[in-house]
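Data block below; observations after.
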Amino acid sequence: MQLEKYLNPEQQHAAETLNGPVLILAGAGSGKTRTLTYRIANLIEHGVNPWNILAITFTNKAAGEMRSRVDDIVGYDAGSIWVATFHATCVRILRRFGDRIGYDNSFSIYDADDQKTLMRNLCKEHGIDTKKLKEKTILNVISSNKDELISPEEYDRMVGSDPVEKKIAEMYHAYQDAMKKSNAMDFDDLIVNTVKLFKNFPDVLQTYQNRFVYIHVDEYQDTNTAQFELVRLLAERNRNLCVVGDDDQSIYKFRGANIHNILDFEKNYPEAEVIKLEQNYRSTQNILDAANAVIANNKGRKEKSLWTNQGEGHKVHFRLLSNQKEEAEYIAQDISRLVRHHEARFKDCAILYRTNAQSRELEESFLMDNLSYQIVGGVNFYSRKEIKDCLAYLKTIANGQDDLMVKRIINVPKRGIGPTSVEKAQSYAANNDLSLFDAMAHAERIPGIGKAADKMLAFAEMIERLRARIADDFYDDLPEILNDVLEESGYLEDLRVSDDDEDKDRINNLDELITKAAVYEEKFAAENPESETGPTLSDFLNEVSLVADIDNVSEDQDRVLLMTIHAAKGLEFKHVYIAGMEEGLFPNDNVIFAGDDELEEERRLAYVGFTRAKEELTLTATAYRMMRGQGTCNPVSQFVREIPKKYIEGNLPQLYNPDSAFSDTESDYNRSWNRRGMADSDGGEIRSVYGNRPRPKAARPNKDIDPDQKPFAAVKSIADLKKGSAISEAGVDYGVGDRVRHIKFGEGVVTEMEQREGSTYVTVEFEKSGRRVLSAAFARLTKL
DNA sequence: GGTTGGAAACTTTTT
DNA sequence: GTTTCCAACC
C-alpha cells in the first residue's frame with residue numbers, strides 16, 4: 001500500500017508502527033480517523049486477519065464511519081473487524097459469558113430514568129427521605145465508584161463515620177442486589193462486570209486476548225479507570241495497543257474520564273512509541289490561532305502546536321446581541337443569507353451551545369423563518385413515555401425477572417391492578433423468592449389479593465403467549481412482534497380512542513419505533529450476511545439501549561444541526577456558530593467558582609467547539625438573558641476575551657468599550673469594565689455571576705434593552721409554530737400523490753405530509769401493510 | 001383507585 | 001418559564 005500517497009510523514013509513521021504500544025497524540029482536525037483507518041488497512045495488508053482486529057470508538061456513528069472507510073480501502077473482508085463502542089463491546093461479551101458472573105444472557109439494560117425509578121423505590125424501602133438525600137446524589141456516588149472500579153464492599157471500608165456516606169454505602173449494596181435480582185445492568189455495570197468477568201475467569205479473558213491481537217482505542221482521553229482496566233487486560237498479552245487522543249479535547253471528566261490515562265500512557269507502557277499529529281487539515285489559520293490562544297491558558301497539558309496551510313481565512317466573528325431572541329434571529333438570518341447567496345448549504349452549518357436549554361429560542365427562530373434544521377440530543381426519542389412503555393413490554397417478554405419493567409406496564413393501559421395489589425404481589429414474591437412476574441403468574445396463591453388475581457393472571461398469560469410465539473419462531477420479523485405487543489396489550493387501542501392530541505403523536509412515535517425496528521433488521525442482515533436468522537428481540541433491545549442521538553444524524557439530509565458542544569465532538573462544519581458566549585453560561589456558573597480544574601475542562605470544551613469550524617466561526621453572546629425564569633446580565637465569556645484582537649472582529653467595542661479598540665488582554669478588558677462603573681446594583685432582580693457583588697450598571701447596553709419587559713411574550717409556543725410551518729425538509733424528493741417504496745412495508749402512495757418537531761412526517765397508504773405515518777428522516781422512502 | 005391542583009425543582013455536559 | 005411530583009379529594 002502506498003501510504004505516502006494518502007498520509008503525511010507523521011500519519012504514515014503511525015500507520016506503519018504496527019507492533020507494540022503506540023500513543024497517537026492527534027490534535028483537532030489532524031486526520032486522526034484517516035490515520036487509524038489506514039493503519040487498520042495496513043495491518044490487513046500485512047496479513048493480519050481482520051478477525052483479530054479490535055477498534056473501540058466513542059459513538060456508534062464513529063464506529064460506522066470507521067467500518068465503512070476501512071471497507072472502502074481494503075474493499076472486502078472488513079466486516080469481521082470488531083468495531084464498536086465500549087458499551088456495545090461489553091454487551092456482546094456479557095451476552096455470551098454473563099452466566100459466569102451470575103447473569104442470564106437476556107439481561108436488561110437500565111437507562112438513567114430506570115435507575116432513578118429503582119433508586120426511588122429502594123429509598124422508600126430503606127426509609128430514606130429523598131428530599132434530604134436525593135436519588136440522583138446517591139446514584140452519582142455509585143456511578144463514580146463504578147468508574148473507579150470500587151465495589152460496594154470496598155466502599156464500605158472507605159467511608160468514615162459520616163452518616164450520609166454510610167447511608168449511601170448501604171444503598172450501593174441495596175442497588176446492586178436489586179439490579180442482580182432483576183437481571184439488569186446499568187451503563188457502568190456493563191464495563192465493571194466485563195472487567196470482573198475477565199479477572200475472575202482467565203479462560204474467558206484468554207479467549208478475547210487470542211481474538212484481539214491488535215487493539216485500537218479512539219478518544220482515549222475520555223476513558224475512565226474501568227475502561228482503562230478493560231483495555232489493559234485485553235492488551236496484556238500481545239501488547240499491540242494503539243490509542244489515539246488529544247488531552248486538549250478531554251471533556252468528560254464529570255463522567256469519570258481520567259485524563260491521566262492519556263497523560264501517563266508512557267509510564268504504563270514504557271516501550272510505547274509516541275507520535276504527534278500537529279498538522280491541521282480542517283480549519284483556516286485565524287480559527288486555529290484563536291483556538292490555540294485560548295487553550296494555551298490551560299496548565300498541565302501536553303505541549304503541542306497545531307498548524308495549517310489552509311490560508312488565513314476569515315477572522316472569528318463576534319456578535320453581542322440584546323437577548324436570546326435577537327441572538328437566535330441573528331444566527332438564523334446569517335445562515336439564511338449564506339444559503340441564499342449559495343455560499344453554503346444548510347448541512348454545512350451547525351449551531352453549538354453549552355446547555356440543551358438554549359436550543360429553544362434557536363428552534364423558534366428556525367421555525368419562524370422556515371429553515372430546515374435538526375436538534376441533536378435534548379429529549380431523547382427513547383425517553384418518551386410511550387416508547388419506554390413499549391420497550392418495557394418487550395423487556396418483560398425478554399427478561400421475566402425485571403420487576404421494574406413489570407411494574408411500569410402492569411396497569412398501562414388500565415387493567416384495574418392498583419398499587420395496593422402490586423404491593424401484595426410484591427411481598428408475596430419477596431417471601432417466596434420469586435420475581436414479581438412469576439408471582440403474578442400464580443396470582444391465585446397471593447394472600448388477600450381478591451379479584452385482582454384474575455386480572456394479574458390475564459396479564460401474565462398475555463405475556464407468556466407473546467413469549468411463546470417468539471420462542472417458537474412464529475414470528476419472522478421484529479416489526480410484527482412490536483405490532484402484536486401493542487395490539488394485544490391494548491396499548492394502541494387506548495391511544496386510538498383518546499381525544500387528546502398528544503395521544504395522536506404518541507401513535508406516530510410508536511409507528512416510528514416500528515420503522516426503526518424494520519431499519520434495524522435490514523442493517524442486521526447487511527452486517528451479518530452469513531446469519532440465517534434475523535436479529536433476536538434481545539439484539540434489538542441492546543441496540544436501542546445503546547444508541548445516542550448523534551448516531552441518528554445522517555449526511556443525506558440538508559439541514560442545520562443544533563446541538564451541545566459535547567455532542568459535536570468529532571464532527572466538523574464549514575460554518576459554526578456558538579451561542580451564549582457569556583460568563584455564567586459558558587463557562588458555566590457551577591464551574592467558575594468550583595476551581596481551576598473545572599474551569600480548564602470548560603476551556604477545553606471551548607477549544608473543541610472552536611475547532612469544529614472549517615471556514616467560518618461565529619461567536620455570539622447576549623447582554624440580557626432569561627435563565628430559569630430569571631433575568632441575568634453577564635459579561636462576555638472569558639473564552640472570547642482570551643482570543644487576541646488580531647484574530648477576531650465584531651461589535652464588542654461599540655457596546656462594551658466605546659472609548660478604545662477591542663481589548664487586547666484580560667487586564668485591559670477588566671480596566672475598561674471598571675471604568676464603566678462598578679456602581680450600585682439595581683435591587684437584585686437581576687442575577688449575575690458576581691453574586692452579591694456590585695455589578696456594572698452601564699454594562700447593560702442602554703439601547704433596545706428593557707430587562708423589565710418580557711421579550712418573549714408575543715412568541716407563540718413551539719407546538720403552534722410547528723403546526724403552522726410549511727414542509728421544508730430537503731432531501732425529500734417525493735410529495736403527496738407520489739408512489740414510494742419502503743424497505744419493509746413495500747409500495748404505496750403518499751397521502752399526506754406534515755412538519756412536526758423539526759421533522760417531516762409522511763403518511764403512506766401501503767398496498768400490503770395499510771396506512772402508516774412515518775418519519776421522512778428515518779423511513780428512507782424511495783420515489784418510484 | 002383515579003383525578004386534580006399546587007408546590008418544588010430544574011439547567012451542565014452523556015455512553 | 002416549564003415540567004414533575006405528591007397530597008388531598010372525589
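Proteins come first, then strands; the chains are lettered A, B, ... in the order of their sequence lines, and each starts at number 1.
In terms of modelled atom types and a separation under 3.5 Å, the side chain of H216(A) and the main chain of L54(A) share a donor-acceptor contact.
Taking only side-chain nitrogens and oxygens, T420(A) comes nearer than 4.0 Å to OP1 or OP2 of dG1(B). The phosphate of dT14(B) (OP1 or OP2) has a side-chain N or O of T564(A) nearer than 4.0 angstrom.
Looking at heavy-atom distances under 4.0 Å, S421(A) makes contact with sugar-phosphate atoms alone, never a base. N356(A) comes within contact range of the sugar-phosphate backbone alone, with a heavy-atom separation under 4.0 Å but no base atom that close. Contact annotation for N411(A): backbone-only contact, meaning every heavy-atom pair under 4.0 Å involves sugar-phosphate atoms and none involves a base.
Nearer the 5' end of DNA chain B, as judged by each residue's closest nucleotide, is the contact made by A452(A), out of A112(A) and A452(A). Each of G418(A) and V547(A) has a nearest nucleotide on DNA chain B; the 5'-most of these lies closest to G418(A).
For the side chain to side chain donor-acceptor pair (under 3.5 Å) test, no residue two or more places apart in sequence or in another chain qualifies with K253(A).
Aromatic ring orientation, H87(A) versus F187(A): perpendicular (interplanar angle above 60°, classes split at 30° and 60°).
A salt bridge links K388(A) to D114(A): one of the charged nitrogens lies within less than 4.0 Å of a carboxylate oxygen. Under a 4.0 Å N-O distance rule, the pair R603(A)/E642(A) qualifies as a salt bridge. Using a 4.0 Å cut-off between charged side-chain N and carboxylate O, K146(A) and D189(A) make a salt bridge.
Going from atom NZ of K253(A) over to atom P of dT12(B) covers 16 Å, rounded to whole Å. Distance CZ (F86(A)) to C1' (dT15(B)): 11 Å, rounded to an integer number of Å. Q324(A) has its CD atom 13 Å from the P atom of dT2(C), to the nearest Å. One can place NZ of K569(A) at 12 Å from P of dT14(B), the figure rounded to the nearest angstrom. The CG-P distance, from L605(A) to dT14(B), rounds to 10 Å in whole Å. Between the OH atom of Y252(A) and the P atom of dT12(B) there is a distance of 16 Å, given to the nearest Å. Rounded to a whole Å, the CD1 atom of I191(A) is 13 Å from the P atom of dT15(B). When the C1' atom of dT13(B) is taken as reference, atom CZ of R255(A) falls 9 Å away, rounded to whole Å.
Remark: the R95(A) side chain and the N105(A) side chain contain no N/O donor-acceptor pair separated by less than 3.5 Å. For the residue pair T223(A)/N261(A), the side-chain donor-acceptor check at 3.5 Å is satisfied. One side chain, T355(A) or Q358(A), offers a donor N or O that lies under 3.5 Å from an acceptor on the other.
Side-chain proximity of F187(A) to the nucleotides dT2(C), dT15(B), dG2(B) is greatest for dT15(B). For R120(A), whose side chain is taken as the heavy atoms from C-beta onward, the closest listed nucleotide among dC6(C), dT13(B), dG1(B) is dC6(C). Of the candidate nucleotides dT14(B), dT15(B), dT2(C), dT15(B) has the atom nearest to the side chain of H87(A).
At least one cation-pi condition fails for R232(A) and F198(A): the charged atom is not both under 6.0 angstrom from the six-membered ring centre and inside a 45 degree cone around its axis.
Distance noted for atom P between dT13(B) and dT4(C): 15 Å (whole Å).
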For nucleotides 7-11 of chain B, list the nitrogen or oxygen atoms of the protein found under 3.5 Å from its nitrogen or oxygen atoms, one pair per line.
none

Strand DNA chain B in bracket notation, Watson-Crick/G-U under 3.5 Å with | for pairs to another chain: ||||||||||.....
